[in-house]
K.L.:
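I am attaching a structure below and will ask some questions about it afterwards.
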Amino acid sequence: MELIFRDDAYQRSCEAVIVSADETGIRLDRTVFYPLGGGQPGDSGVLRLADGGSLRIVDARKGESLDDVLHIPEEGAALPAPGTAVTAEIDWERRHRLMRMHTCMHVLCSLIEGDVTGGQVGETKSRLDFNLPDTQLDKEALTAALNRIIEEDHPVQPRWITDEELAASPQLVRTMSVKPPMGHGKVRLLEIEGIDLQPCGGTHVSRTGEIGPVAIGKIENKGRQNRRVNILFAE
Ligand SMILES: [Zn+2]
């Protein structure tokens, strides 16, 4: 399956052909739908049929192989036959908010020392958990630094390295809970120029300015070592 979002997160729709369709989900030969993973929710959207009909997709999940995406249809929907041509279209407004939030998580990560132990990207709020034994985070200073980097409008782009290059640079891996998928020859990195570089397979905006102003919500103590930082859009 060709995963268009990997190279172009801004593509909202694509022409595709149904490969298989059953109760576990619908497979296409190519897709713009990002499947749940790395703390980012799966895309929702629609498959448009040539006869004018359409099929609502409520979620996207990873299938068995690395390049496999299962498009989850709404309950009770009639499934199209293999070979059917469709236009696959994501809910762009939702995805764009997720891309802004996800990119913001990278900026936040760059501002806090300590391993990332968990995280969740959402449409209106997101969170990252850090392993910080004896640290008090300064919410005001952190908010100002976050918004300054956003305003500086740094370029954001994916870049690929080999497994060997990643193995030689273990400092690139900030997230303890999600290991980058190695063993496939190459690993996708996400670079925010001058700010952050780490393995990530998610979707991001192309410049930090596109994130827009954000606010830090509660900073919670989740266990003795864990600090949870909540982020909201400030608009
Ligand atoms: Zn990312």
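Atoms within a ligand are numbered from 1 in the order they appear, just like the ligands themselves. One is the number of the first residue; the rest follow in order along the sequence.
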K.L.:
Where does the angle between the aromatic ring planes of His102 and His204 fall among parallel (under 30°), tilted (30 to 60°) and perpendicular (over 60°)?
P.N.:
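Plane angle over 60°, so perpendicular.
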K.L.:
With distance as the sole test, does Asp29 use its side chain to make a donor-acceptor pair with the main-chain N or O of Val17 at under 3.5 Å?
P.N.:
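The answer is yes, because a donor-acceptor pair under 3.5 Å joins these two groups.
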K.L.:
Less than 4.5 Å apart, side chain to side chain, heavy atoms only: is that true for Val107 and Asp196?
P.N.:
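No, every pair of side-chain atoms sits at 4.5 Å or beyond.
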K.L.:
Verify salt bridge (charged side-chain N to carboxylate O under 4.0 Å, His left out) between Asp68 and Arg27, making sure each step is shown before the conclusion.
P.N.:
CA-CA 8 Å; Asp68 199 14; Arg27 287 185 176 83; 3.0 Å; yes
K.L.:
What are the protein N, O or S atoms, given as residue plus atom name, that sit under 2.8 Å from the Zn ion (ligand 1)?
P.N.:
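Result, waters dropped: His102 NE2, His106 NE2, Cys200 SG, His204 NE2.
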K.L.:
List for me each residue that meets ring-ring contact (aromatic ring centres under 6.0 Å, His included) alongside His154, sequence neighbours excluded, and say none if there are none.
P.N.:
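Result, ring-ring contact (aromatic ring centres under 6.0 Å, His included) vs His154: none returned.
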K.L.:
Any chance you could lay out the salt bridge (charged side-chain N to carboxylate O under 4.0 Å, His left out) test for Asp67 and Lys62, step after step, and finish with the verdict?
P.N.:
CA-CA 8 Å; Asp67 292 344; Lys62 283 179 181 161; over 6 Å; no
